[in-house]
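Working notes for the structure below.
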Amino acid sequence: VCGTTDLRDNGWHHIAVQRRRSDGRLWIFVDGREEASGYGPRGDISYPDRGICGAPETCGDSDHYIVLGAEKHNLAAGFSGWVDEMRLSATLRYPPAAVPDGPFEVDDRTVALYRFDEGEGDVIVDSSPGGVSVGVRRFGQGGGYSPGPDWSEESPFTGD
């Protein structure tokens, strides 16, 4: 499912992607508006269970990592830009009543909330009702852009 808005305007955009587990329905929302929808895999697509890859012969041995800014198996880069926050939820949240005007807060529907604002090192800490876990900032191995992911002090909520 692909959106239609050209996001190369040097502005911040709120992008939301959601999938309904029961029937695989997918949506993309950009700045609060539905851009596109379609159908994908139904049911549990979690990585440890070989999720969307299906079987080792389909795409190798799946792992439990979520990859941002590159194709999961280093075939090609798919994103060039900045990510400020990423929230994973246990329920559908969209269409939104309004585009967020501040950072997300952890609630009972939050599975993980990553704020990419550590500013140094390669550890990305998340917040969730179940405790804290860490992510790792890594440079692309095959299709990544050089010099790779970088920290920025800009924020979509301060006008920077």
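These figures come from a predicted structure and were not determined experimentally.
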Remaining members of the apolar cluster that contains F29, side-chain heavy atoms under 4.5 Å:
W27, L92, Y94, F104, V106, L113

Output the rest of the hydrophobic cluster of V99: all Ile, Leu, Val, Met, Phe, Trp and Tyr residues reachable through side-chain heavy-atom contacts under 4.5 Å, sorted by chain and number.
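Once heavy-atom contacts under 4.5 Å are chained together, V99 still belongs with nothing else.
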
Rounded distance (nearest 0.5 Å) linking atom CD1 of I28 with atom CG of L26:
8.0 Å

Test side chain to side chain contact (heavy atoms under 4.5 Å, CB included) applied to L7 and V30, step by step:
CA-CA 9 Å; L7 301 174; V30 176; 3.9 Å; yes

Test: salt bridge (Lys or Arg N to Asp or Glu O under 4.0 Å). Region: residues 97-106. Which pairs qualify, not counting sequence neighbours?
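Salt bridge (Lys or Arg N to Asp or Glu O under 4.0 Å) check on residues 97-106 returns no pairs.
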
Is there a side chain to side chain contact (heavy atoms under 4.5 Å, CB included) between R25 and S37 once you walk through the steps?
CA-CA 7 Å; R25 178 98 177 166; S37 65; 2.9 Å; yes

[X]: partners by side chain to side chain donor-acceptor pair (under 3.5 Å), with sequence neighbours left out:
X   : value
N10 : none
D9  : H13
T4  : E35

Residues in salt bridge (charged side-chain N to carboxylate O under 4.0 Å, His left out) contact with [X], at least two apart in sequence or another chain:
X   : value
R93 : D107
E85 : R115
R20 : D23
R21 : none

Does the pair T5 and R33 meet the rule for a side chain to side chain contact (heavy atoms under 4.5 Å, CB included), with working shown?
CA-CA 10 Å; T5 299; R33 294 180 328 274; 3.9 Å; yes

With sequence neighbours left out, write down each residue that passes ring pair (Phe, Tyr, Trp, His ring centres under 6.0 Å) with Y39, or none if nothing qualifies.
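By the ring pair (Phe, Tyr, Trp, His ring centres under 6.0 Å) rule, Y39 matches no residue at all.
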
Can you name the nearest heavy-atom pair linking A36 to C2, along with the distance?
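Looking at all heavy atoms of both residues, the closest pair is CB-O, 3.2 Å.
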
